[in-house]
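To start, the structure under review is shown below, and the notes come after it.
Note that ligands are numbered from 1 as they come in the structure, with each ligand's atoms numbered from 1 the same way. Model, not experiment: these values are computed from the prediction.
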Amino acid sequence: MSNSSKTLSPPHIALLPSSGMGHLTPFLRLASSLLNQNYQLTFITTYPTVSHSETQLISKFLSTYPQVTSKQFHLLPFDPSIAKSNDPFFLQFEAIRRSASLLIPLLTSSVPPLSALVTDITLCSAFLPITSDLHLPNFILFTSSAKMLCLLAYFPSLVEVSEEVHIPGLSKKIPKSWIPSILLDFTTLFATQFFENGKMMKESNGILVNTFESFEPESLAGALSEGKVVNGLPPIIPIGPLVPCEFERGSSPLSWLDDQPDSSVVYVSFGSRTAMSKEQISELGIGLVRSGCRFVWVVKNKKVDKEEEEGLEEVLGVEFIEKVKEKGLALKTWVDQGEVLSHKSVGGFVSHCGWNSVSEAAWNGVPMLAWPQGGDQKINAEVVRKSGLGIWNESWGWGGEVVVKGEEIGEKIKELMGSEGLRLQAGKVREEARKAVGVGGSSEAGFFRLRKFLEPSE
Ligand code: UDP
Ligand code: UDP
């Protein structure tokens, strides 16, 4: 029997992430959510990926969802020495951006024809002109906080950064110290991309943001949606929190966690791409011991996992590992963070405040001690503080700016793990996060808007 009625086939969306787990993960979670809503999907990957973790996650995703069409996007050769950056992830953004025209045949040959492309924010200024020529709707996925989106939208109108940036619609000014240094020098690769994307994103059909109304009410309802930050923004559509999925399941220290008392363990991790200095790692170890708390600590001293050469013992020392083994678990591998944060024995999270980590902590109601290391993380830490999800000691600065002493770290961890008020407030954030993805929540409303756009007659 042939199915001739066009109206019966669901919209077909292609997804184009950039690089790094912080971008890939929310894209795959979005994909999973769209599949649950009966969309047809094409997933575009650029090979080789920068990190092993990306390759592994893509392959787990594709084997879980054989109905997804996987397309490989082959990039033009790119000489990284011409760009003012030594960050492998930003260089990969640039390589993808410079290959934009090669995506055209891939988009036009899709069967059934595409209804829209969802592009990562870091790529949008290079791909919007292409989808516009093809008359293909283009939505952006913004993988950071709505507060960070305010800065991105406002950035092109900023002539220079004085001591504070006043973004219209936000009650509190953004201190210069919260803006990453790569953005303060307008000539860096990252600042150039940021500027171009901030200007061009107005041309998209909508910006999907991995956040929820009650978590960032001022940025969403107050600043972005009312056009206060800048005029002419497309619809800003909160669809978060994008939640951890089954296909992400992997190694996690669950059996160890199972044996610990409820809410007794502090989980310490600085995401997928933050290297910490040996000196700071050593102070953090001292801090964990001084806190007297049980802990799971993911140690990382290289930005890209492919470059990790030293084992845990070389980094921490055999003596330290022996000393803490009753109370703590230090690891130098990828752990399934979504699962760790959902474990009942985990009662606190020392985090760099990458936005995915923040949203996973919110989803699970785990109180955070924010220790931003770079990028958007101070802006995100402010969201954590303002929502009551966690505490942030601003005097610790950016990662590498100062060496924070173990004694101070220990005291803050005690504060994090001992505060009943913080636990209650984090529990409220969890409830709000669950409401957001429930019936009538802001995520459901966001996905409804997307569907309405793609199927106006439905
Ligand atoms: N992550 C993980 N295990 C690890 C390290 C990171 O599952 O050992 C995940 C984490 O849960 C999050 C993502 O990788 O989903 C990192 O993104 P985030 O925005 O928090 O920070 P980034 O790595 O981009 O700095
Ligand atoms: N970002 C953006 N526009 C750009 C590049 C980045 O808005 O042109 C956002 C993006 O959401 C990213 C955040 O800025 O997550 C901070 O970038 P960061 O330096 O932390 O890099 P990441 O590890 O997130 O790629």
Note to self: One pair to check against side-chain contact (heavy atoms from CB on, under 4.5 Å): Met21 and Arg273. What are the steps and the verdict?
What the structure shows: CA-CA 8 Å; Met21 291 299 275; Arg273 49 159 300 173; over 6 Å; no
Logged contact type for Trp334 with ligand 1, heavy-atom cut-off 4.0 Å, is both
Polar contacts were defined as any N/O atom of the residue lying under 3.5 Å from an N/O atom of the ligand; does this apply to Ser357 and ligand 1? yes
Honestly, for His352 the part within reach of ligand 1 (heavy atoms, under 4.0 Å) is side chain
One finds that the ligand 1 atoms under 4.0 Å from a non-hydrogen atom of Val335 are 2 (C), 3 (N), 4 (C), 7 (O), 8 (O)
Note: ligand 1 atoms sitting under 4.0 Å from heavy atoms of Trp355 are 19 (O)
- Query: Under the 3.5 angstrom rule, does the side chain of Glu382 hit a backbone N or O of Ile379 as a donor-acceptor pair?
  - Reply: no
The answer for which part of Glu360 has a heavy atom under 4.0 Å from ligand 1 is side chain
Aromatic ring centroids of Phe89 and Phe190 under 6.0 Å?
no
- Any donor and acceptor pair, going by atom type alone, linking the side chain of Arg98 with main-chain N or O of Ala126 inside 3.5 Å? no
task: Kindly assign one of parallel, tilted or perpendicular to the pair Phe43 and Phe61, based on the angle between their ring planes and the thresholds 30° and 60°.
output: tilted
Side chain or backbone, does Asn356 bring an N or O within less than 3.5 Å of an N or O on ligand 1? yes
Review point. With the threshold set at 4.0 Å, does a side-chain nitrogen-carboxylate oxygen contact exist between Lys414 and Glu411?
Key: yes
Here the atoms of ligand 1 under 4.0 Å from any heavy atom belonging to Gly22 are 17 (O), 24 (O)
Checking heavy-atom distances from atom 10 (C) of ligand 1 to each of Gln373, Lys300, Met21, Gln337, the winner is Gln337
Exercise for the section: Using the side-chain contact (heavy atoms from CB on, under 4.5 Å) rule, take Ile96 and Leu75 through it: C-alpha gap first, then chi angles, then the decisive distance, then the call. Expected result: CA-CA 6 Å; Ile96 303 173; Leu75 306 183; 3.9 Å; yes
